[in-house]
There are 2 protein chains.
Amino acid sequence: MAAPNDNDLIARLEQHDIRASAQRVAIARYVLATEDHPSADEVWKAVTPDFPMVSRATVYNTLQLFTEKGLLRQLVLAEGCIVYDPKVEPHHHFVDDETGAIEDIPWTALRVGKVDELEGVDVRDYMVVVRGRRKGRRR
Amino acid sequence: MAAPNDNDLIARLEQHDIRASAQRVAIARYVLATEDHPSADEVWKAVTPDFPMVSRATVYNTLQLFTEKGLLRQLVLAEGCIVYDPKVEPHHHFVDDETGAIEDIPWTALRVGKVDELEGVDVRDYMVVVRGRRKGRRR
DNA sequence: CCACGGATTTAGACTACGTCCAAATATCGG
DNA sequence: CCGATATTTGGACGTAGTCTAAATCCGTGG
Ligand SMILES: [Mn+2]
Ligand SMILES: [Mn+2]
Ligand SMILES: [Zn+2]
Ligand SMILES: [Zn+2]
């Protein structure tokens with residue numbers, strides 16, 4: 001990706017109702033352009049050489065802010081953070097936004113196509129991860 | 001789920017080439033019967049009242065062992081362990097088993113059906129998570 | 001029954017990641 | 001420039017997970 005210059009970044013932040021500080025631009029420069037899916041700490045480590053004195057708290061808060069404003073998405077895919085599932089046969093999962101609870105969705109309840117057409121990968125396993133809320137939950 | 005008795009559990013462990021110790025049975029009693037998707041520490045906390053002196057290392061090692069032997073599956077879905085994705089439009093993800101690297105899969109490369117037929121949930125978002133290896137990787 | 005050796009478990013030190021807060025600093029409108 | 005507000009800071013703190021060397025357990029053969 002062509003590195004965006006700082007004026008583009010500042011404009012982009014302001015379009016999203018974010019005031020552009022030097023720290024925020026430095027963080028945006030990395031995290032909005034990367035092809036990776038970095039953890040917060042990886043962002044901190046990536047920004048530090050550029051901007052040595054940025055504090056960890058600022059990076060965490062800024063990523064949270066960018067997410068609220070729609071510039072980033074959070075994914076729960078970081079290796080090293082594992083839950084265990086005693087149901088070892090293939091199935092899908094629903095994650096409740098409010099509680100974080102994980103529920104099983106039977107394999108046949110959803111239909112996934114074209115996985116075998118993916119190029120360049122040996123697929124070991126796949127599942128659909130659905131996020132949302134349980135309906136009819138008491139206020 | 002009907003609580004399995006210890007003899008059933010021991011048999012099940014031995015069928016999977018796992019020698020049945022008291023600690024392993026206590027861990028199995030909880031983790032093989034739960035409907036939850038507990039983290040390792042949640043398993044530890046669940047087993048402790050039952051078996052107060054079981055050490056954290058034992059629980060972690062045992063869950064790893066059970067996974068290798070096919071009694072459990074590890075899922076990367078635990079809340080609180082987040083990576084950031086600058087691509088906010090819907091897309092799917094491939095996770096490389098060897099490196100943990102996460103790559104994007106375009107939305108249209110896969111087809112997911114019947115999500116709107118799920119009962120009792122308001123779907124906010126969903127994606128397919130594919131795991132496996134990149135083909136043609138050097139030895 | 002006992003001794004041996006491998007398997008298993010243990011406590012606790014250690015690391016990494018993330019959260020939190022009160023104080024310091026920067027920025028903005030007037 | 002001033003005061004108000006927004007932002008950043010360092011560091012204390014908590015928690016989850018890893019690692020290791022020593023202790024214990026347990027099946028086996030003598
Ligand atoms: Mn990464
Ligand atoms: Mn849980
Ligand atoms: Zn499941
Ligand atoms: Zn992505």
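Chain A is the first sequence line, chain B the second, and so forth, proteins listed ahead of strands; every chain is numbered from 1.
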Relative to each other, are the rings of B:His92 and B:Trp107 parallel, tilted or perpendicular (30° and 60° limits)?
parallel
Using only side-chain N and O atoms of B:Thr58, determine if any of them is under 4.0 Å from OP1 or OP2 of C:dT10.
yes
Classify the side chain of A:Arg56 versus the base of D:dG10 as yes if they form a donor-acceptor pair under 3.5 Å and no if they do not.
no
Looking at A:Val88 and A:Asp85, what are the two nearest heavy atoms and their distance?
CG1-O, 4.3 Å
Atom CG of B:Leu65 and atom P of C:dA7 are separated, to the nearest Å, by 13 Å
Rounded to whole angstroms, how far apart are CH2 on B:Trp44 and P on D:dT18?
14 Å
Within the distance-only criterion (no hydrogens, no angle test), does the side chain of A:Asn5 pair as donor or acceptor with the backbone N or O of A:Asn7 below 3.5 angstrom?
yes
C:dT10 phosphate, OP1 or OP2: any side-chain N/O from B:Gln23 under 4.0 angstrom?
yes
Which whole-number value in Å describes the distance from A:Glu68 CD to D:dT7 P?
12 Å
Atom CZ of A:Arg124: over 12 foreign heavy atoms under 6.0 Å:
yes
Tell me which residues in residues 11-21 of chain B lie within less than 4.0 Å of DNA chain C, going by non-hydrogen atoms.
B:Arg19, B:Ser21
What heavy-atom pair brings B:Tyr84 and A:Gln74 nearest, and what distance separates the two atoms?
OH-NE2, 3.2 Å
Rounded to the nearest Å, what distance is computed from the CD atom of residue A:Glu79 to the C1' atom of nucleotide C:dA16?
16 Å
Separation of C:dG18 atom P from B:Ile82 atom CD1, nearest Å, is 9 Å
For the pair made of OH in B:Tyr84 and P in C:dC17, what is the distance, rounded to whole Å?
14 Å
Could you report the tightest heavy-atom contact between A:Arg29 and A:Ala33, atom names first, then the distance?
O-CB, 3.6 Å
Select one nucleotide: of D:dT8, C:dG18, D:dA16, the one nearest the side-chain heavy atoms of A:Arg24.
D:dT8
Per atom distances to the A:Ala57 side chain, the nearest of D:dT8, C:dG18, C:dC21 is C:dC21
Between atom CD1 in B:Ile27 and atom C1' in C:dT10, what is the gap in whole Å?
13 Å
Between C:dC17, D:dA16, C:dA11, which nucleotide gets closest to the side-chain atoms of A:Tyr60?
C:dC17
For the backbone of A:Asp97 and the side chain of A:Arg133, can you confirm whether one donor and one acceptor N or O come within less than 3.5 Å of each other?
no
Rounded to whole Å, how long is the line connecting atom CE of A:Met53 with atom C1' of C:dA26?
18 Å
5'-most by nearest nucleotide on DNA chain D - B:Asn61 or B:Ala22
B:Asn61
Both B:Phe51 and B:Gly80 contact DNA chain C. Which one's nearest nucleotide lies toward the 5' end?
B:Phe51
